[in-house]
Chemist: 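Take this structure first; my questions come after.
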2 protein chains.
Amino acid sequence: MALRRQVCFALYAASRATTALYRPLLDELGLTYPQYLVLLVLWERDGRTVKELGEELRLDSGTLSPLLKRMEAAGLVARHRTAGDERVVEVRLTAAGTELQARARSVPATLVAATGLDRKTLVELRDTLTTLASTMDIAAAELAAKKK
Amino acid sequence: MALRRQVCFALYAASRATTALYRPLLDELGLTYPQYLVLLVLWERDGRTVKELGEELRLDSGTLSPLLKRMEAAGLVARHRTAGDERVVEVRLTAAGTELQARARSVPATLVAATGLDRKTLVELRDTLTTLASTMDIAAAELAAKKK
DNA sequence: CCTGGTTTGGTTGTGCACAACTTAATTGCA
DNA sequence: TGCAATTAAGTTGTGCACAACCAAACCAGG
């Protein structure tokens with residue numbers, strides 16, 4: 001099968017399979033995977049701008065704005081224009097958003113266990129994928145620049 | 001950064017970065033990445049049922065039905081109920097769909113070159129990801145069975 | 001037969017992704 | 001200083017993914 005030979009399809013399929021395993025765990029917390037990622041960033045350090053979140057998660061405002069609006073409606077975060085620069089919106093955890101961290105603590109270990117891969121393979125995989133993603137991002141940026 | 005330590009995020013980011021690199025190439029062919037995957041399967045062997053396509057691509061009818069409808073509207077494939085079993089829909093390439101294969105021939109090599117990874121690393125990556133995806137799929141299926 | 005369960009594909013509704021565009025605030029330089 | 005260019009976030013529109021549900025066709029035990 002030609003499909004089975006392609007790295008890109010393996011990447012696409014593995015990414016969806018992983019998200020599918022997150023789903024039942026995150027459902028109990030009332031979260032989607034991208035929303036969980038936003039919380040991971042905020043739990044690390046609260047009070048990020050939309051731009052900062054976008055840089056961390058590699059998502060643009062077209063994705064983040066409605067996502068953050070839903071998270072705000074769910075009572076997990078609050079959004080405020082900053083005093084210094086009225087263009088910038090700062091996203092902060094609410095008490096509920098902070099408390100969710102404790103309930104989510106077991107999620108990463110559960111996922112790692114489900115991979116069935118040993119730690120060394122996982123670390124290698126992560127590093128290869130991170131390198132790959134940044135190479136691709138640079139290539140895409142160059143392509144966009146050339147187009148202009 | 002906690003995010004940088006997670007394999008799952010690396011997978012999610014790399015998958016999107018890859019699709020983003022496909023986009024300009026596939027745009028010229030008037031295709032999206034999932035549509036290109038459908039064509040890869042049909043170019044390999046024409047005349048697949050929706051169920052078979054779903055098994056290959058790991059997509060359900062909720063995704064495939066509208067996707068195939070768009071491809072049919074674009075004149076790339078035709079759909080027909082089979083004579084033997086009226087439930088089954090067979091998807092066949094049109095002349096235009098067949099001809100697209102020639103124009104798409106350079107796509108995989110372009111992508112592989114853009115990864116910046118040597119062949120050995122890519123093969124390892126593909127195998128690790130394929131194993132990972134099937135482990136995850138089995139885990140998800142068991143979880144669904146347990147729920148029932 | 002024939003009726004209850006299964007299979008196949010489709011529909012509906014929600015939530016990403018992302019391109020293209022808009023608006024408002026800020027910046028920089030002539 | 002004034003105004004064009006830039007920046008930050010949001011909106012709109014399209015196309016996946018996927019859950020939940022549905023209708024029609026088929027199948028199998030009785």
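Throughout, protein chains are lettered first and strands after them, A, B, ... in sequence-line order, and every chain is numbered starting at 1. For clarity, every value in this text was computed on a predicted model and none was experimentally measured.
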Chemist: Measuring from A:R79:CZ to A:R92:CZ, what's the distance to the nearest 0.5 Å?
Modeler: 15.0 Å

Chemist: So which atom in B:E86 and which in B:R81 form the shortest heavy-atom distance, rounded to 0.1 Å?
Modeler: O-CD, 2.9 Å

Chemist: Are B:R87 and B:D85 within salt-bridge range, i.e. N to O under 4.0 Å?
Modeler: yes

Chemist: Go along nucleotides 2-11 of chain D 5' to 3' and tag each nucleotide: B for a protein heavy atom under 4.0 Å from its base, S when only backbone or sugar atoms are that close, - otherwise.
Modeler: -----BSBBB

Chemist: Is a side-chain donor or acceptor of B:R70 paired with a backbone partner of B:Q35 at a separation under 3.5 angstrom?
Modeler: no

Chemist: Please determine if a side-chain N or O atom of B:R70 lies less than 4.0 Å away from the OP1 or OP2 oxygen of D:dC16.
Modeler: yes

Chemist: If every non-hydrogen atom of A:V91 is compared with every non-hydrogen atom of A:D46, which pair is closest and at what distance?
Modeler: O-OD1, 3.9 Å

Chemist: Just by modelled atom types, is the B:G97 backbone N or O under 3.5 Å from a matching donor or acceptor in the B:T94 side chain?
Modeler: yes

Chemist: Just say parallel, tilted or perpendicular for the rings of B:Y36 and B:W43, cut-offs at 30° and 60°.
Modeler: perpendicular

Chemist: Could you identify which residues of residues 11-24 of chain A place a heavy atom less than 4.0 Å from some atom of DNA chain D, listed by residue number, or say none?
Modeler: A:Y12, A:R16, A:R23

Chemist: Can you figure out which of C:dT26, C:dC18, C:dC16 approaches the side chain of A:E86 most closely?
Modeler: C:dT26

Chemist: Could you measure the distance from the CD atom of B:E124 to the OG1 atom of A:T121? Nearest 0.5 Å is fine.
Modeler: 10.0 Å

Chemist: For a quick check of understanding: with a heavy-atom distance under 4.0 Å over all strands, which category does B:G84 fall into, base, sugar-phosphate or nothing?
Modeler: sugar-phosphate

Chemist: Take the protein atom OH of A:Y33 and the nucleotide atom C1' of C:dA17, then report the distance between them rounded to whole Å.
Modeler: 15 Å

Chemist: Would you kindly give the CG-to-P distance between B:L37 and D:dC16, to the nearest whole Å?
Modeler: 10 Å

Chemist: Is there a side-chain contact between A:T32 and the phosphate of C:dG15, meaning an N or O under 4.0 Å from OP1 or OP2?
Modeler: no

